[in-house]
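The analysis underlying the following values was restricted to heavy atoms, covering all of them including side chains, and did not include hydrogens, waters or symmetry mates. Letters A, B, ... are given to chains in the order of the sequence lines, protein chains preceding strands, and every chain is numbered from 1.
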Number of protein chains: 2
Amino acid sequence: MTAGGVIKRGGYHHGDLRQAMIDAAEAVLAEKGVGGFTLRECARRAGVSPAAPAHHFGNLVGLLTAIATLGFDQLSDAMEAAVAEAVATGKDRLAAICEGYLEVALTRPGRFRVVFGRLGLKSGDAELRAAGVRAFGILVRETKLALGRQVDVDVLTRLPSSYGDDTDLAEILFVWSITHGFSTMLIDGQLAPLEMQPGGRERLIALYSGRLMEMLLAAVRASTAMPLANPVSHG
Amino acid sequence: MTAGGVIKRGGYHHGDLRQAMIDAAEAVLAEKGVGGFTLRECARRAGVSPAAPAHHFGNLVGLLTAIATLGFDQLSDAMEAAVAEAVATGKDRLAAICEGYLEVALTRPGRFRVVFGRLGLKSGDAELRAAGVRAFGILVRETKLALGRQVDVDVLTRLPSSYGDDTDLAEILFVWSITHGFSTMLIDGQLAPLEMQPGGRERLIALYSGRLMEMLLAAVRASTAMPLANPVSHG
DNA sequence: TGCGTTATCTTGACGGCGTCAAGTTCGATT
DNA sequence: AATCGAACTTGACGCCGTCAAGATAACGCA
């Protein structure tokens, strides 16, 4: 992790500037947030001239895209880990990934905002796209499992445009909206007035893991009980 | 509205630079989004030097704060209008404000992002605070009404720190998370892959107004059916 | 081992940005 | 009509992202 990203390998040639820039960028994001984020500042921390990163990332957008890709990967890993733990402990899988999602947002809010914050990213970037598809695929898979559907194994690697089986789209959007909405509101300070009250942020998180997950699961289970009027075969 | 905000009243003195700057700012936000937003560009459109706005807004943050205040007001107005229409047509009030919320986000995504996008705002600003409290108060009021609670009339003007009656906080957060989450994901392009599919954005909006609202209302009604174990008196 | 190729990084410059200090204009008050 | 103060301009500062041209050193190949 090389905390702070202030490593400087050799003299003229850095050695691993790409990684050093990413480390520095995340340090800056953690310290100053998206607003105070600057390419020159990152280069400074990496011990390198302002123009050096261009060769590795093209431009600022390229650096942000690389970070966003990491963010998606972290999200996917955290959700899969949450599922694994849920399976081990008997906890609900869907609730587990929703809590994992929030935890990632809280752990690295800067990186999370790069992923979802509408700073420009390289929209065509293949790696970014793949990472996003993977993360979304986990959410789709778990929602479908919670609905009792048969899930194709390759749901994880399919392109977004081929989620053509819209059977459970409403439930998927429902789950994702709650999870993403609560996470963004919390890290973006929309709930700050509520955090001022006794119990603070922990109380809100407990409410999310507790009552909100109960309501979410109940809503999804209600969908299970009343399946489609015109069932669509899938597979 | 003075579309574009390119009015120029007199010669040296503008006449109503404050409003002209806000108009120009919103035009820029609509055209280029938050990324391409610049104080100098707004000043240019208002036909004024880059340093002129300082007297009215202090700095860039001040301008954004003024816009955010407008955004909260618009949100409140839209939600109240939605309630009024719902009362007239017999539609559900809570679903109405949730749909009004989304509609505001879709109509003015730039302004919406200024309100919620974690660009720095003047956190201490009294007007911004009041506007935010009003908007949040409407959401609180309608959620409580949907839960069958008796709602104090002055819930709208109370400071956030005195929403101390936490009785229905989970339901409030639940409703707000879905509404805010779906709205932000849609305008920030997270659902873009889904918009590519036949039906496009309209299909997603219909799903939101339809199935998602059904699920949301069902979840809230389920809370009504099973009230608190230890009811807390309020009032 | 020596040499050339090429990726990597520096230097210097450009225009644009937000903001400040000082000067200019002009409406309003008396 | 004189004056005062608010509104606006001018010019400058440091910082930003990016580019072109030059310096350096790692690496492949003889």
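What separates NZ of Lys32(A) from C1' of dC15(D) is a distance of 12 Å, to the nearest Å. In this structure, the CG atom of Leu39(B) is 13 Å from the P atom of dT9(D), given to the nearest Å. The CZ atom of Arg18(B) sits 13 Å away from the P atom of dC8(D) (whole-angstrom rounding). Going from atom CG of Asp16(A) over to atom C1' of dA26(D) covers 15 Å, rounded to whole Å. Between Leu60(A) atom CG and dC15(D) atom C1' the separation is 14 Å, expressed in whole Å. The separation between Leu17(B) atom CG and dC26(C) atom C1' is 16 Å, rounded to whole Å. Remark: P of dC17(C) and CZ of Phe37(A) are 20 Å apart, rounded to the nearest angstrom.
Under a 3.5 Å cut-off, the side chain of His14(A) and the backbone N or O of Asp16(A) do form a donor-acceptor pair. Checking side-chain atoms of Arg118(A) against main-chain N and O of Val34(B) turns up no donor-acceptor pair under 3.5 Å.
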Between the protein and nucleotides 23-25 of chain C, list every N/O to N/O distance that falls short of 3.5 Å.
| from | atom 1 | to | atom 2 | distance (Å) |
| --- | --- | --- | --- | --- |
| dG23(C) | N2 | Tyr12(B) | OH | 3.2 |
| dT24(C) | O2 | Tyr12(B) | OH | 2.9 |

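Of the candidates dC8(D), dT19(C), dC17(C), dC17(C) carries the atom nearest the Arg44(B) side chain, counting heavy atoms from C-beta on. Ranking dA13(C), dC8(D), dT8(C) by closeness to the His55(A) side chain, first place goes to dT8(C). With dT19(C), dC8(D), dC9(C) as the candidates, the nucleotide lying closest to the side chain of His56(B) is dC8(D).
A distance of 11.5 Å separates CG in Asp23(B) from CZ in Arg18(B), rounded to the nearest 0.5 Å. Between the CD atom of Glu99(B) and the CZ atom of Phe182(B) there is a distance of 10.5 Å, given to the nearest 0.5 Å. One finds the OG1 atom of Thr69(A) at 8.5 Å from the CD1 atom of Ile22(A) (value rounded to the nearest 0.5 Å).
When each of Glu41(A) and Ala51(A) is assigned the nucleotide of DNA chain D bearing its nearest heavy atom, the one mapping closer to the 5' terminus is Glu41(A). The residue among Arg40(A) and Ser49(A) whose nearest nucleotide of DNA chain C is located toward the 5' end is Ser49(A).
The aromatic rings of Phe136(B) and Trp176(B) sit tilted relative to each other, their planes meeting at an angle between 30° and 60°.
Using a 4.5 Å heavy-atom threshold, the side chains of His180(B) and Leu139(B) count as separate.
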